[in-house]
Every structure is written in structure tokens, then in C-alpha cells.
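Notes for the one structure printed next.
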Amino acid sequence: MDKYEVVVIGGGHAGVEAASVASRYGAKTLLITHDKSKIGEMSCNPAIGGIGKSHLAKEVDALGGLMAKAADKSGIHYRVLNSTKGQAVRATRVQTDRDLYKLAIQELIVSTKNLTIKEGSVIDLDIDDLKIKSVKTDSGEKIFTKSVVLTTGTFLGGVMHTGLEQSPGGRIGDPSSEKLAKKLRKLNLSVGRLKTGTPPRLNKNTINWDLLSPQSGDTPTPLLSYTSNEEERPKQLDCFMTRTNKETHKIIIEHLDESPMYSGVIEGVGPRYCPSIEDKVMRFSERDSHQIFAEPEGLNSDLIYPNGISTSLPLKAQEALVRSIKGFEKAEIIRPGYAIEYDYFDPKGLKHSLETKEIEGLFFAGQINGTTGYEEAAAQGLMAGLNAALQTNNKAPLILRRDEAYTGVLIDDLVSLGTKEPYRMFTSRAEYRLILREDNADMRLTEKGKELGIVPDLLWKTYLQKKELSNNELERLKKEKIKPNSPEAEKIHLLSGETTSNNISLLEILKRPKVFHHHLPQGENILPNNVIDEIEASVKYEGYIKRQKADIEKLQRNENTPIPSSLDYSNVVGLSNEVKQKLTEARPESLARASRLPGITPAAISLLMVHIKKGRRLVG
């Protein structure tokens, strides 16, 4: 009988990161997936990044993960979103070649030491005394392990809907995990149903491209991974834009009774921030049109992903609404859009390590926790896989705080607040986003990864080089001065409109909003863009960053005050019954985490703090 330290179930974005990081840590790891050829499959839009999401992808990369590397090996269209705004909210988005991305992930994962990949379906978990003992596959094989990471995506009890027709499945062409879903529903875990969807895929040869507006990628073209190079990147393609219209909306309204979502067939809640076209038309009835981005699925693919018209209407209705759109008048649907409904488990039932509170050794990551998006899944997968491996070695889990990473924000939001709808990351969710920028994920996290042994040598070398270049340049900016009326001052005035009446350091003048690094006299070293971005952000945000760090220090005083796991909240004098109930259900691990629960007031935290201190004195 086989025995592994960590077993990862599912080969999607969460699963590959979980398996990879557990293996890099040194744990003997098994990845079980339905079909090896579909490891790294992009079920929906073949794109990585975007607002808030690229921050997660960069953090995964900074800890040695796979997503950003694979995106750069397959990226065919790059854009920096919010490029005219401050660096804290800028985000890189990469349209990828679907086949190249999957190939890149598979090449990266199969070269990982300590990792075995097995085809099959897990149908049962052996749990004894609330501890994981083994898993059982559909072939009857029993695999012993102390840690299981479940990354089942939309496969748990998955049902696909096109119109009023239903079929079981995790995505087109793949079965759902029915037996495992039944097993999990019997456990003492709070289960619910969520929904997601995808648009029809169109034949690119049937689209009138002359009627669409081209959207070129950015030049110079950025990279997502810290260790990628431009030579690895494939040929770049344009994306195109069109819009729905009144006729499109009329067709949708006429067929609403055939929509599984509006006819009551689907009970699961869909993603608020990535709604179906039916949702958009009904929720924003005052709008005459909505944007659609026609995005290629690959260099050699005839498929176009019409981003913006996710739908589960019947095929005939989909054909009518597509052909009402400018440029799509003769478009052929290669594959219809559909909605998928699936099981998820209330993430309030998880510890911050992503281990379930109920069962020792059982970790959840990805859509099973109520999230939506590849990047959210990858970040959870990395953390769950790492913490599962750490646990097998009796090591403390890695818990990233809200001031350390968007990954920390993501997990804390899920565990503390739970979710009733698919959770998506945005920069607005992070209260410390001036510190948690896309440009400095490596500065925040790579040393942590190195200490744990999960950072590859190339990433560590790249990190040290970047750190040295950044420190040296900051020193130069502090030392070098600009004299009034000098040629250097005239150049800065010409490019930025800024003037100076006395000697001023390059660092001080860079703090001005209109002055950028390329306006200044340059040093001997040619600096990469990611170094320049970090320098500009750290200099321009310096005052705000100091203020945020002071807030963080205050928070840390509470964060470091643990709440005993055995605490009986009914004995805390002064708390309302409602607050006692919420704290009892959530079982927060510290005062800071208790303070982030909905309905928990500062007054309640003060009462809780007094109770804990009184208990310590009595014990002492």
C-alpha cells in the first residue's frame, strides 16, 4: 500500500501550486487528478492577472510558485491596467495561449522532485478520531497519508446548465465528483451551492474584424514573473472590442424564461463581479450596451473568447444574441456557453492555515472555499500545500498577515467573514495596499520562502540582485543634488514642469507627483523596470507608508494576543448573546481576528481582552 506525506486531490490552479510547493518543501507528495493531460487546464478565460489578481499571481511567484512563469511562457497579449494611476492599484493582465499555458504548467510540475502524479478519482476519505488516515480511489486503491489538500474546483456535485437542459460534470468533457461530494456532505461542515458560467466560443473565421475596435498590448511589454525573460514569450496578438446593443438586450429578455438562473432551476449564487449577460441586462436596465472583448484563445486556435457575454441561455437564444452584435452578424458558435453549479464549504470552518477546524490534516483550497478565479485558487493552493507539508513535519504553519500580502487578505476575509457568493480579490479589499503593491511582492515574501526552503535558486539570485540595485540607486538619489538653472534642472523642468530654487537631492525632487525616475540624471547601472517601479513607489508614498506602518504596529499588539482555544465565551461578562454566538462559531485565534468579524465592536474586544488578562493572572 502506498503512503505519502501529502496527497493533493485535483490538478487545477490550486492543485498544481499545492503539489508543487509541498514537493519543493521536501514532502513526499501525490497529486491525484482525473486526467493527466488536463493538468493546468484553463476552464474559462485563458487570462492571468487583472485588478487585485495580478498581486496574488506575483505573490505566488515570489514564493516560487508556477502561475506567473507559465503565464509568461504562454502570454500573447499584455496590458498594465490602471497605468495612469498610482502603483498601489496598477495591475498586469496577461491573455495567454490556452494550450501553451497548460503545456508550461505540465512541464513545470512534472520536473518537480518528490512528486508523483496519478490518474484517478478519489471517492472516499478515511477519517478516524477526526484525523485523516487515508484516501480511497475509484480503482479501489487505498493511499495512506496524514495530510490531504482538496482542490476540487467546480467538480464537487457539479451540474452544467444550458437553457433548461442539465448534465452532471465539472466542466465540458469532464465528470463531476459525486461520490466524494456525498462523503463530504456527511461531515460536520457547512455546505452550500455556488454558480459560475462561461460564454460561447466563436469561430474567428466567421467574425467581421473590420467592424471591431483593435486593442493592442502594451509596449514595452511587461513580464509577470520575476524570473522570466523576454525570449520565452511567444508572439503577441491584438484583442478587439465591440458592444451589445438594444436588440441584444431585447433577445435576452425575451428568453429569460428559458434561463436556468431566472427560471429558478439554479439555486447557487453567481459571481457579483463577473455576472452573466442576463444579469447585466436585468441589473443595469438603464444601459443600452455593454463592452465585449473578443480575445483569442491561442496562436493556432480558431476559438475566440467573447469576454462579457457569459450566458446559460439555450443554444438558439445564444446564436440570436451573438449575431445581434456588431461584427458578430455571421459568427458561428463552436461551443455554447453554460453555467455550472457546484458545492462549496463555508470557509469560516477553516483555520488560517486552510486546514479544516473539524478534521485534522484536511485542507481546502480554491473554489471549494467559495472563491472565483485562477489567481485566488493558486494563492490558496500554495498556502494549503505548504501548511500541509509543514504539519507533517510538526512545524508551525505559515500565516500571512493582512499587512504582508494580498494572500493574507484573501484568507483572512474567507476565514473570518465567510462568503455567500463567489469571492473575488480587488485592491479595495486591502487596507494596506500602499505597502502591498504588485512591484514589491518579492521584497515582501521571497525571504520568507527562502527560510522555508521553497524558493528556487534562480528566484533567490534574482531577488538579491534586485535588492542590491534598488538599495544602491536609493543611495545615489540621496547623495546627488540638482542645482537651480543647471542643465539637469532645465531637463526636469522641460519634462515635468517642476522647478527648484535651491540645491535639492534627486530623492527629494522624485517625491513630487509630476517627476518620474526617467526625468532625472541616470546612474551607471541600467535599471530594470521593476526596480524603477519599486523605487518610485517607495519614494512617492514614503509619508503614507510610514503612517500605515504605525497602524500595523498598533494592530500587531492585538494580533499577538492569542485567544485560548478552550475559552468559553458565555463566561465573558458584558458581551451580548449575539456577540457570544458569533465568537463561539468563528473561534478566532487572536484579538485582531476577532475584531474583524462582522458585528464585533471595539467595546466587545475590550471586554474580551480584560477577560483573557484576568484568566492569565488566575493561572499565574
Side-chain angles (χ1 to χ4, degrees), residues 129-131 187-190 345-364 369 383-384 387 390-391 394-405 407-419 429-432 435-436 448 546-620:
D129 194 24
L130 297 179
K131 294 179 182 179
L187 301 178
N188 188 25
L189 303 168
S190 177
F345 292 88
D346 186 349
K348 292 202 296 281
L350 299 174
K351 301 174 184 177
H352 277 74
S353 63
L354 294 181
E355 183 185 25
T356 59
K357 293 176 179 176
E358 186 71 18
I359 299 158
E360 184 180 323
L362 180 60
F363 294 77
F364 287 175
N369 290 338
M383 297 305 295
N387 287 330
L390 287 167
Q391 187 184 71
N394 298 314
K395 298 287 180 64
L398 176 64
I399 309 295
L400 295 175
R401 302 190 310 267
R402 296 181 73 91
D403 61 281
E404 290 180 314
T407 301
V409 175
L410 165 69
I411 293 173
D412 189 52
D413 279 354
L414 292 172
V415 173
S416 299
L417 306 176
T419 187
R429 294 191 189 273
E431 57 269 50
Y432 304 115
I435 293 171
L436 309 182
K448 288 181 182 291
K546 282 181 179 176
R547 214 175 301 164
Q548 284 201 347
K549 285 184 175 177
D551 292 340
I552 291 165
E553 286 174 8
K554 289 180 186 176
L555 178 70
Q556 279 300 101
R557 288 195 282 272
N558 278 349
E559 193 75 62
N560 294 328
T561 303
I563 298 175
S565 59
S566 59
L567 181 66
D568 185 350
Y569 291 99
S570 65
N571 294 330
V572 182
V573 177
L575 291 184
S576 69
N577 289 332
E578 180 187 359
V579 167
K580 289 176 182 177
Q581 182 181 348
K582 286 181 176 180
L583 290 168
T584 301
E585 288 175 357
R587 307 300 310 178
E589 295 156 355
S590 68
L591 285 177
R593 286 170 185 163
S595 70
R596 291 194 286 273
L597 295 172
I600 306 301
T601 63
I605 295 299
S606 296
L607 291 168
L608 192 53
M609 189 185 298
V610 168
H611 183 86
I612 291 169
K613 287 180 177 177
K614 189 183 293 183
R616 284 178 185 164
R617 285 198 298 271
L618 291 172
V619 171

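Just so it is clear, the structure is predicted and the values come from calculations on it, not from any experiment.
Each of His352, Arg429, Arg401 was compared with Asp412 under the side-chain hydrogen bond (donor to acceptor under 3.5 Å, both in side chains) criterion, and only His352 meets it. Each of Leu575, Leu567, Val573 was checked for a side chain to side chain contact (heavy atoms under 4.5 Å, CB included) with His611, and the lone residue meeting it is Leu567.
Contact check on Glu431 versus Arg402 returns a salt bridge, with a Lys/Arg side-chain nitrogen under 4.0 Å from an Asp/Glu carboxylate oxygen.
At distances below 3.5 Å, at least one donor-acceptor pair connects side-chain atoms of Lys357 with backbone N or O atoms of Ala586. Under the 3.5 Å distance criterion, the side-chain polar atoms of Asn387 are matched with a main-chain donor or acceptor of Met383. Using modelled atom types, one side-chain atom of Asn369 and one backbone atom of Phe364 make a donor-acceptor pair closer than 3.5 Å. Side-chain atoms of Arg587 come within 3.5 Å of backbone atoms of Ser565 as a donor-acceptor pair (strictly under, hydrogens ignored).
Once rounded to the nearest 0.5 Å, the distance linking NZ of Lys580 with CG of Asp568 reads 9.0 Å. Remark: Met609 CE to Ile563 CD1 distance equals 10.0 Å, nearest 0.5 Å. Distance OG/Ser190 to CG/Asp346: 4.5 Å, rounded to 0.5 Å. With rounding to the nearest 0.5 angstrom, the CD1 atom of Ile600 is 15.5 Å from the CZ atom of Arg593. Atom OG1 of Thr407 is separated from atom CG of Leu436 by 9.5 Å, given to the nearest 0.5 angstrom. Atoms CG and CD1, from Leu350 and Ile411 in turn, are 9.5 Å apart once rounded to the nearest 0.5 Å.
The shortest side-chain heavy-atom distance between Leu583 and Leu597 falls under the 4.5 Å cut-off. Using a 4.5 Å heavy-atom cutoff, the side chains of Leu398 and Leu400 are in contact. Side-chain contact between Glu360 and Leu130 is absent, with no heavy-atom pair separated by less than 4.5 Å. The side-chain heavy atoms of Val579 and Tyr569, taken from C-beta on, include no pair separated by under 4.5 Å.
Nearest heavy atom pair, residue Tyr432 against residue Gln548, reads CA-OE1, 3.4 Å. The minimum heavy-atom distance linking Gly418 with Pro347 is given by the pair CA-CG, 3.9 Å.
Around atom CD of Glu358, more than 12 heavy atoms belonging to other residues, nucleotides or ligands sit under 6.0 Å away.
Applying the salt bridge (charged side-chain N to carboxylate O under 4.0 Å, His left out) test to Glu355 and every residue at least two apart in sequence or in another chain returns Lys351.
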